[in-house]
Amino acid sequence: MSAPARFDRGHTDDLMSFLAASPSPYHAVANTAERLEKAGFRQVAETDAWDGTHGGKYVLRGGAIVAWYVPEGAEAHTPFHIIGAHTDSPSLRVKPRPDSGAHGWRQVAVEIYGGPLLNSWLDRDLGLAGRLTLRDGSSVLVNVDRPLLRVPQLAIHLDRSVGSEGLKLDKQRHLQPVWGLGDQVGDGDLIAFLEQEAGLTAGSVTGWDLMTHPVEPPAYLGRDRELVAGPRMDNLLSVHAAAAALTAVAASGAPLTRIPVLAAFDHEENGSQSDTGADGPLLGSVLERSVLARGGTFEDRARAFAASVCLSSDTGHAVHPNYAERHDPTHHPRVNGGPILKVNVNNRYATDGSGRAVFAAACEKAGVPFQSFVSNNSMPCGTTIGPITAARHGIRTVDIGVAILSMHSVRELCGADDPFLLANALTAFLEG
């Protein structure tokens, strides 16, 4: 066993910067691509013919990115070591007709994306970010990262039942944010405002994929600053760790017997069924084209996939001090206790015994402790892209992650050590 990984506060500082700069999946993949470019990776277009040269490459599609590094001497049937993650998070997303309002308030019409903790979005200063599509089909990123919107909660004086019955929110009526005053709500006002923010010509935007985000930056928390509070840890924490691992392996110059891959998908929070989701064709297409570009055949593809492994990295549940009874009594993952191995015998997670051995070996090599997570038998178990990846591609898959609190809140909580420990384990896995 190698020496234990030393905690590096610089990694967590960098994670916090990445979270703050990535308010949408489109920003997350753009920032990931920028990091890959600095490490010598180059973008390849899906519409171009690919070559079999060695080195780092990546494909962008919407809110998804797949990157891989072909070492010198890689054969057509060389297997892949894949880290899977997702770029999307639960949020409030702008509707096709966004301009709304009533009673002297100007509002933005939003739709609920994924399964957010709705109460956590109340009385927050919110910005607006995403992708604007222009008449020529090109797209531009926009990020209004300042207090622009707010979902105001009803005062307790006007709803005395909150104290006795708890808060009850109607998703249609109670989650529409305000962003100004005025009796006349003009159709097109929000998009016109965003065109100005992005420096675009008026009327040039014909499509948009926009979402709200909290503008409060990530921060260390606690007496000893051993915790981190911030948005979108589910699952940009894993995207950031995977990108750090991939670039570290590519720069190391160490001999590789596997092709390391990062696959960060969109739409995990609503089922992954899209052209940029894990249940779509993107990963399989990229891996197969990589085999064929190196002169491979269908037989080589089958050999490569059969020997490949994917670590599906997503956040999981740390034991909650106020709700410990909701957890399995013998599995209490703690923050800063190292990454978690997720197990569910009903295949809500893809981990089996052989997969556990793969992850245990990577953690041992990295000197990183790990923990196991299973759900309480009386509670339904969540799921990830792990089972989807295993079923769609026939690739052995292991579900792992980092234990956090406040999952799906507008602001989640993790241990300050765990992101670095995860990145070390992922690096050891990609090294083979």
Side-chain angles (χ1 to χ4, degrees), residues 22-33 43-47 58-68 82-96 98 110-116 129-134 137-142 171 205-213 232 234-239 242-243 261-290 310 312-315 347-350 382-395 397 399 401 407-408:
S22 304
S24 77
Y26 313 106
H27 289 83
V29 299
N31 290 324
T32 301
Q43 183 177 1
V44 293
E46 292 185 83
T47 53
Y58 68 92
V59 165
L60 288 180
R61 185 192 288 184
I65 183 169
V66 179
W68 65 104
I82 306 159
I83 302 171
H86 67 88
T87 61
D88 61 319
S89 301
S91 61
L92 309 179
R93 300 204 171 188
V94 175
K95 289 184 176 181
V110 296
E111 189 173 3
I112 310 301
Y113 178 82
R131 178 177 67 175
L132 301 173
T133 302
L134 311 184
S138 63
S139 61
V140 174
L141 298 185
V142 64
K171 293 180 179 180
V205 172
T206 57
W208 51 88
D209 302 279
L210 299 166
M211 57 213 71
T212 60
H213 66 274
R232 299 176 295 280
D234 178 14
N235 185 34
L236 295 187
L237 188 157
S238 293
V239 175
V261 180
L262 159 62
F265 302 101
D266 201 353
H267 302 133
E268 188 272 349
E269 297 293 354
N270 61 12
S272 296
Q273 292 186 323
S274 70
D275 68 323
T276 54
D279 203 17
L282 180 59
L283 177 60
S285 174
V286 168
L287 298 184
E288 184 169 358
R289 291 184 68 177
S290 175
C310 175
S312 165
S313 182
D314 202 348
T315 54
N347 288 333
R348 299 293 285 173
Y349 301 129
T383 191
T384 69
I385 65 169
I388 294 171
T389 303
R392 171 167 269 279
H393 306 296
I395 291 175
T397 303
D399 274 300
M407 186 183 294
H408 286 200

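Keep in mind the model is a prediction, meaning the values are calculated, not measured.
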* To do: Verify the neighbour count for atom NZ of K171: are there more than 12 heavy atoms of other residues, nucleotides or ligands below 6.0 Å?
  => no
* To do: Determine, step by step, whether L262 and V66 satisfy the side chain to side chain contact (heavy atoms under 4.5 Å, CB included) criterion, reporting the C-alpha distance in whole Å, the side-chain angles of both residues, the deciding distance to 0.1 Å, and the verdict.
  => CA-CA 6 Å; L262 159 62; V66 179; over 6 Å; no
* Mind listing the closest non-hydrogen atom pair of M211 and P23 along with its distance? => CG-O, 4.0 Å
* Hey, does the side chain of T389 reach the backbone of I385 with a donor-acceptor pair shorter than 3.5 angstrom? -> yes
* Structure fact -> Rounded to the nearest 0.5 angstrom, the OG1-OH distance for T32 and Y58 is 10.5 Å
* Asked: If you take all heavy atoms of R392 and A278, which pair is closest and at what distance?
  -> CD-O, 3.8 Å
* Asked: Do L287 and I395 pass the side chain to side chain contact (heavy atoms under 4.5 Å, CB included) test, and can you show the C-alpha distance, the side-chain angles, and the key distance before you say yes or no?
  -> CA-CA 12 Å; L287 298 184; I395 291 175; 4.1 Å; yes
* Structure fact -> Between A350 and A390, the two heavy atoms sitting closest are CB-CB, 4.5 Å
* Heavy-atom check, side chain of R348 versus side chain of D399, under 4.5 Å -> no
* To do: Please assess V59 against W68 for the test side chain to side chain contact (heavy atoms under 4.5 Å, CB included), listing each intermediate value before the final yes or no.
  => CA-CA 9 Å; V59 165; W68 65 104; 3.9 Å; yes
* Distance-minimising heavy-atom pair for A28 and T87 -> CB-CB, 4.4 Å
* Asked: Going by distance alone, is a donor N or O of one side chain under 3.5 Å from an acceptor N or O of the other, for D314 and T384?
  -> no
* To do: Could you tell me the separation between the CZ atom of R93 and the CD1 atom of I112, rounded to the nearest 0.5 Å?
  => 11.5 Å
* **Check: S238 side chain, S313 main-chain N or O, donor-acceptor pair, under 3.5 Å** => yes
* Expected output: side-chain S290 to main-chain V286 donor-acceptor under 3.5 Å -> no
* Within-4.5 Å side-chain heavy-atom neighbours: L282 and D275 -> no
* Determine whether more than 12 heavy atoms belonging to other residues, nucleotides or ligands lie under 6.0 Å from atom CD of Q43. => yes
* Distance from L141 atom CG to S24 atom OG, nearest 0.5 Å? -> 6.5 Å
* Asked: Do you know which two heavy atoms are closest between A85 and V239, and how far apart they sit?
  -> CB-CG2, 3.9 Å
* Asked: Atom OH in Y26, atom CG in L60: separation rounded to 0.5 Å?
  -> 13.0 Å
* **Contact check, side chains of T383 and N347, non-hydrogen atoms, under 4.5 Å** => no
* Asked: What is the minimum heavy-atom distance between A129 and H27, and which atoms define it?
  -> CB-CE1, 4.0 Å
* Asked: Distance from I388 atom CD1 to S272 atom OG, nearest 0.5 Å?
  -> 4.0 Å
* Taking R131 for the side chain and G62 for the main chain, is one N or O donor matched with an acceptor at less than 3.5 Å? -> no
Without placing hydrogens or testing angles, list every side-chain donor-acceptor pair under 3.5 Å for residues 263-271, not counting sequence neighbours.
{"from": "H267", "atom 1": "ND1", "to": "S274", "atom 2": "OG", "distance (Å)": "2.6"}
{"from": "H267", "atom 1": "ND1", "to": "T276", "atom 2": "OG1", "distance (Å)": "3.3"}
{"from": "E268", "atom 1": "OE1", "to": "H86", "atom 2": "NE2", "distance (Å)": "3.2"}
{"from": "E269", "atom 1": "OE1", "to": "H408", "atom 2": "NE2", "distance (Å)": "3.2"}

* Asked: Counting distance only, does the side-chain N/O of S89 pair as donor-acceptor with the main-chain N or O of D234 below 3.5 Å?
  -> yes
* Asked: Side chains of V205 and L134: does their closest heavy-atom pair fall under 4.5 Å?
  -> yes
* List the steps, then state whether side chain to side chain contact (heavy atoms under 4.5 Å, CB included) holds for W208 with V142. => CA-CA 10 Å; W208 51 88; V142 64; over 6 Å; no
